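In listed order, ligands and their atoms are each counted from 1. Computed from a prediction, not measured in an experiment: that's the story for all the values here.
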Amino acid sequence: MDNSVISLIEKLAKSHSLELFEYRELIEKRTPESAELLAEYAVKARREIYGNSVFTRGLIEIGNYCKNDCLYCGIRRSNAACERYRLSEEEILSCADEGYSLGFRTFVLQGGEDAFFSDEVMCGIIRKIKAAHPDCAVTLSLGERSFESYKALREAGADRYLLRHETASKAHYERLHPPEMSFENRMKCLEELRSLGYRVGCGFMVGSPFQTARELAEDLKFIERFKPDMCGIGPFIPHRDTPFRGEPPGTLELTCFLLSIIRLIYPPILLPATTALGTIADNGRELGILAGANVVMPNLSPVSVRKKYELYDNKVCTGEESAQCRGCLEARMKSIGYEIVTDIGDIRFPSPQAGKNRQEKQIGGTIKSRID
Ligand code: SAH
């Protein structure tokens, strides 16, 4: 291995930061050996904070109607072949009840941008989940909404929000999205979510069309600056009914390499080994954990709708019942020496002070007693 690469890895492990051109070099010059060294440091950093625990979140895909037309996404509005559905409030609540009995203590409600799920409808659902399961966190992943909407959802009890930034390069963002969507608004939403006291997750696809080591280096600098509580990364996988149908997918190898880098940039970060990673390789999620991830998000959606929430081709885990998904992931984690825990799974800040400052910014204050 090149000496300069070893010193970059050591610098990153020690100072949690590299220059833009250094990230680029680390990515461009990567080898199996440098990936191994990086993963070793990443696993060590994670182990100091989380031991061998893997947090889990129950994902409930509440609907696939979407007003947006992201060029990569299988549920984009222009995809006439996509069979649309919405879960009813009762169905969502019963998914959460089932998840609770399986040991989930965080529910992620994800869906397309759909006016049907208005603030009124969502606030009602959030309040009911929190009333039924006061020891659980509710995470939302419903795309871009107004500040007032984020505020109302937060006041109704939502604790966390996942909104992948998709790419930290404005020019790249514009090649992945239609003209009516804007990079500035995506970033503004992330800032607003944070100002409202949500735990915030950003993230990006690995190997999305037009992405090079330069764009990835920008994503890494953004993560350094923003310090998200969570970061969702997974390989881009083409969907047959989108303009990117013929593009090559992202790789397992580069995704794992980036998971290790992100762990070292911000050791306490919550980093899922995503379903997309499990889709490009059978043992993708295990390898993601071994590279530095510490979260898995099995599907709790009713089996009848799973195939319809198809963001990309051949998505895994669309045929199994929730209990099977949970059992399968538990066995997979055990096979590599990790343990899925029944825990709300909040980020563990490095010093009590850092956590305290963030708590003070939260509205309502309800999160404190449950999460810390
Ligand atoms: N509407 C919500 C949820 C989007 S789906 C929102 O805007 O946040 C969640 C994530 O799936 C997206 O943020 C995107 O990064 C990812 N995704 C979409 N299409 C994909 C594809 N073809 N391959 C891999 N990931 C994809």
Side-chain angles (χ1 to χ4, degrees), residues 57 59-79 82 84 86 108-117 122 139-145 149-150 153 158 160-168 172-173 176-178 180-183 185-190 192-193 198 200-211 215-216 219 228 230-252 254-255 258 272-281 284 288 297 299 301 308-316:
R57 288 50 171 109
L59 181 64
I60 306 174
E61 296 153 337
I62 67 170
N64 67 357
Y65 283 86
C66 192
K67 73 174 167 65
N68 283 335
D69 220 14
C70 308
L71 275 71
Y72 44 83
C73 186
I75 65 168
R76 66 200 301 266
R77 69 159 186 267
S78 303
N79 182 8
C82 172
R84 307 286 167 171
R86 284 181 189 114
V108 181
L109 310 186
Q110 188 177 82
E113 291 192 23
D114 176 6
F116 173 85
F117 289 109
M122 283 314 304
T139 303
L140 303 177
S141 178
L142 301 170
E144 297 173 27
R145 300 173 77 105
S149 170
Y150 288 147
L153 301 174
R160 310 177 183 149
Y161 205 103
L162 302 177
L163 184 75
R164 289 190 176 180
H165 63 288
E166 310 297 359
T167 168
H172 186 214
Y173 187 93
L176 300 179
H177 298 93
E180 67 273 15
M181 290 181 73
S182 96
F183 175 72
N185 196 55
R186 197 95 185 155
M187 290 297 178
K188 179 170 145 255
C189 286
L190 283 169
E192 291 178 348
L193 288 163
Y198 283 93
V200 181
C202 67
F204 58 92
M205 291 177 288
V206 177
S208 61
F210 318 112
Q211 182 187 65
E215 282 72 34
L216 288 171
D219 287 318
M230 309 166 268
C231 181
I233 71 162
F236 159 75
I237 303 174
H239 185 289
R240 63 194 174 283
D241 298 316
T242 63
F244 291 158
R245 62 180 66 82
E247 299 291 330
T251 66
L252 172 71
L254 182 53
T255 307
L258 290 161
T274 56
T275 305
L277 197 56
T279 297
I280 50 162
M297 297 172 68
N299 203 318
S301 309
K308 298 179 189 163
Y309 196 80
E310 198 186 30
L311 307 175
Y312 45 80
D313 287 341
N314 307 317
K315 191 174 142 194
V316 289

Can a non-hydrogen atom of G250 be found less than 4.0 Å from any atom of ligand 1?
no
Pick, from G232, P235, G234, A276, the option with the minimum heavy-atom distance to atom 24 (C) of ligand 1.
P235
Between C82 and N64, the two heavy atoms sitting closest are SG-ND2, 3.6 Å
Less than 3.5 Å between some nitrogen or oxygen of I237 and one of ligand 1, yes or no?
yes
Among protein heavy atoms, which lies nearest atom 11 (O) of ligand 1, and at what distance?
L311 CD1, 3.5 Å
Nitrogen or oxygen of G111 less than 3.5 angstrom from that of ligand 1:
yes
From the candidates H165, Q110, R164, E113, the one that places a heavy atom nearest atom 9 (C) of ligand 1:
Q110
Closest contact, heavy atoms only, L142 versus G111:
CD2-N, 3.7 Å
Considering non-hydrogen atoms only, spot the tightest contact between L59 and M297 and give its length.
CB-O, 4.2 Å
Look at atom 8 (O) of ligand 1 and say which protein heavy atom is nearest, naming residue and atom and giving the distance to 0.1 Å.
R186 NH2, 3.4 Å
Among all the protein's heavy atoms, is there at least one whose distance to atom 3 (C) of ligand 1 comes out below 4.0 Å?
yes
Test side-chain hydrogen bond (donor to acceptor under 3.5 Å, both in side chains), reference T167, set H172, R186, Q211, output is H172
Nearest heavy atom to atom 25 (N) of ligand 1: which of M205, E61, E144, E247 does it belong to?
M205
Compute the centroid of each ring, for H165 and then for F183, and state whether the two points are separated by less than 6.0 Å.
no
Kindly say whether the aromatic ring centers of Y150 and Y161 come within a distance under 6.0 Å.
yes
Of E166, R76, K67, the residue with the heavy atom nearest atom 14 (C) of ligand 1 is E166
So, D69 side chain and R76 main chain: donor-acceptor pair closer than 3.5 Å or not?
no
Atom 19 (N) of ligand 1: nearest protein contact (heavy atom, Å)
Y72 CD1, 3.4 Å
Between the main-chain N or O of V316 and the side-chain N or O of T279, is there a donor-acceptor pair closer than 3.5 Å?
yes
